[in-house]
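To keep things clear, I will list the structure first and then write my remarks on it.
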Number of protein chains: 2
Amino acid sequence: MNDTTRESLVRAGRELFARHGFDGASVRAITRQAGTNLGAITYHFGSKQALFEAVAASLVQPARERLQAATRGPGTPLDRIEAMVRAFFEILFEHPELPQLMVHVMLSSSPVPEVGLRTMQANVGLLASLIREGQEDGSVRPGDPQLMALSVAAQPLWLALARRMLREGIALDLKEPETRTDLVASVVTFVRAALSVQAESAGAEHPEID
Amino acid sequence: MNDTTRESLVRAGRELFARHGFDGASVRAITRQAGTNLGAITYHFGSKQALFEAVAASLVQPARERLQAATRGPGTPLDRIEAMVRAFFEILFEHPELPQLMVHVMLSSSPVPEVGLRTMQANVGLLASLIREGQEDGSVRPGDPQLMALSVAAQPLWLALARRMLREGIALDLKEPETRTDLVASVVTFVRAALSVQAESAGAEHPEID
DNA sequence: GGCGGTATCATACGAACGTTTGAAGGGAGT
DNA sequence: ACTCCCTTCAAACGTTCGTATGATACCGCC
């Protein structure tokens, strides 16, 4: 089994499915970008739909694992929430195709893939349980943990998604590392302030600047 | 000039362009849904592209006016920020097609329409200036007003966009009025907590890096 | 040298695409 | 009754779509 053709098809599919959606990314465009023959998708994956699912899995699975790993770090619940937000940004900067693909799937008429739904449940659940944990130890203000988790997750997702509009609309170019760290720092501070029950005098031993 | 055909084309275009994007929404599907003849778009608008621009304007212009109106209300800067967030949610619940169309435009290769960019600049600018105003009178904590404004705007936008995934993924149905008010209340509280200066005497935590 | 299996190739198919075309309604003004 | 002009209509155009097909190229192994 030759893997380089398969891999270049997945790579091209990631880019084109993310930009144009399933219907908008033509088999001809994908195979052309991958440098393969028109029939390569049918041959290696069986159908365009099967390639799409392989592309989705190649994006969702690693993200899921990295987010779960971030929650298992040390520190207070707020620290681990911060770690999740930072990990989320890293994933999204590395793979802007992920939220783009999510959006195309959400807007299309086709059913949301099982793996996508379970990943969302898992990640919102992780955030919510960290928030609940913080509420129980008194470091996080009261409120519905699930809704608060959505407020947290919405920021990295939308900001990564709106990257192009941020650049063209308000001259915020996320390609520049400094801009990225400023943005991440701002969101992290925003989230901590939103969740903290007070000024976080309790756990603020170490100044977090990177 | 008969307006009902034009209007039903715009209405159908709103729905189908929002769901499938420009390329994905076929002239045949739009005219079928509008109950008109296949040639009606060409006749009334000249081209599919011209219909798309009419659809975009029909969504963006009213939203822009309502958001601007919300900032002119009474109260403290934080109160007016809350009014903007609430108005934003109202707009998005009323016209879920708006963020959907935004996303399709952002992801496509075609240039972002001028009106869209200016509207984004205007609205982020309004939020940022309210934040700056609050910082000057001491009611809002320090930080880059533009980045904080993005954190605020990202939440209604993403939550409206992810509506379907929220319903299917975590059983949060935004069709139910009670769910909506709960969500809006949670976001409003989240935003106010994130922006309020609180008792944060430590103060050394704002994200300036040199 | 020849063989079998995998991979790539050019080509063909019917369907759907956006737009064009020319004819047929249909109501207001004379 | 007749003419206009605006609107709607069915049909056809060339193009592109996803997939299927059969031929060709490559390569380890008898």
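Just so it is clear, the structure is predicted and the values come from calculations on it, not from any experiment. Labels below follow one simple rule: chain letters A, B, ... track the order of the sequence lines, proteins then strands, and each chain is numbered from 1.
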Check your understanding: Tell me, do Arg14(A) and Ser58(A) make a side-chain contact under 4.5 Å, heavy atoms counted?
Key -> yes
Exercise for review: Could you check whether Thr42(B) gets within reach of a base, just the sugar-phosphate, or nothing at all, counting any heavy atom under 4.0 Å?
Suggested key: base
Practice item. Using atom OH of Tyr43(A) as one end and atom C1' of dA23(D) as the other, report the distance to the nearest whole Å. Key: 14 Å
Exercise for review: Assign Ala29(A) to base, sugar-phosphate, or nothing according to its heavy-atom contacts below 4.0 angstrom with the strands shown.
Suggested key: nothing
Check your understanding: Taking for each residue the nucleotide of DNA chain C bearing the nearest heavy atom, is the 5' side occupied by Gly35(A) or by Arg28(B)?
Key -> Gly35(A)
Exercise for review: Just compare dA11(D), dT8(D), dG18(C) and give me whichever is closest to any side-chain atom of Leu38(B).
Suggested key: dA11(D)
Exercise for review: Measure from the side chain of His44(B), starting at C-beta and using heavy atoms only, and say which of dG18(C), dA10(D), dT7(D) lies closest.
Suggested key: dT7(D)
Exercise for review: Would you kindly give the CD1-to-P distance between Ile30(B) and dC17(C), to the nearest whole Å?
Suggested key: 11 Å
Check your understanding: What residue pairs, at least two apart or across chains, pass salt bridge (Lys or Arg N to Asp or Glu O under 4.0 Å) with a residue in residues 103-122 of chain A?
Key -> Glu114(A)-Arg118(A)
Check your understanding: Are Tyr43(A) and Thr5(A) side-chain neighbours, meaning at least one heavy-atom pair lies under 4.5 Å?
Key -> no
Practice item. Rounded to the nearest angstrom, tell me the gap between atom NE2 in His20(B) and atom C1' in dG18(C). Key: 17 Å
Practice item. Starting from P on dG18(C), measure out to CZ on Arg32(B) and report it in whole angstrom. Key: 11 Å
**Study point:** Nucleotide of dT19(D), dT6(C), dG18(D) approaching Ser26(A) most closely (side-chain heavy atoms)
**Key:** dG18(D)
Exercise for review: Provide, to the nearest angstrom, the distance between the CG atom belonging to Leu16(B) and the P atom belonging to dG18(C).
Suggested key: 11 Å
Point to revise | Protein-nucleotide distance (Asn37(B), atom CG; dT19(C), atom C1'), rounded to Å | key: 12 Å
Point to revise | Residue pair Leu174(B), Arg163(B): steps toward the side chain to side chain contact (heavy atoms under 4.5 Å, CB included) verdict | key: CA-CA 7 Å; Leu174(B) 292 185; Arg163(B) 203 168 147 164; 3.8 Å; yes
Exercise for review: Write down the distance between CG (Asp23(B)) and P (dT19(C)), rounded to a whole number of angstrom.
Suggested key: 11 Å
Revision key, fill the gap. The nucleotide from dC9(D), dG18(D), dT8(C) with an atom nearest the side chain of Lys48(A) is dG18(D)
**Study point:** Side-chain heavy atoms of Glu15(A) within contact of Arg11(A), under 4.5 Å
**Key:** no
**Study point:** Atom-pair distance (CD1 on Ile41(A); P on dA7(C)), nearest Å
**Key:** 16 Å
Point to revise | Nucleotide nearest Thr5(A) when distance is taken to its side chain, options dT19(C), dT8(D), dT8(C) | key: dT8(C)
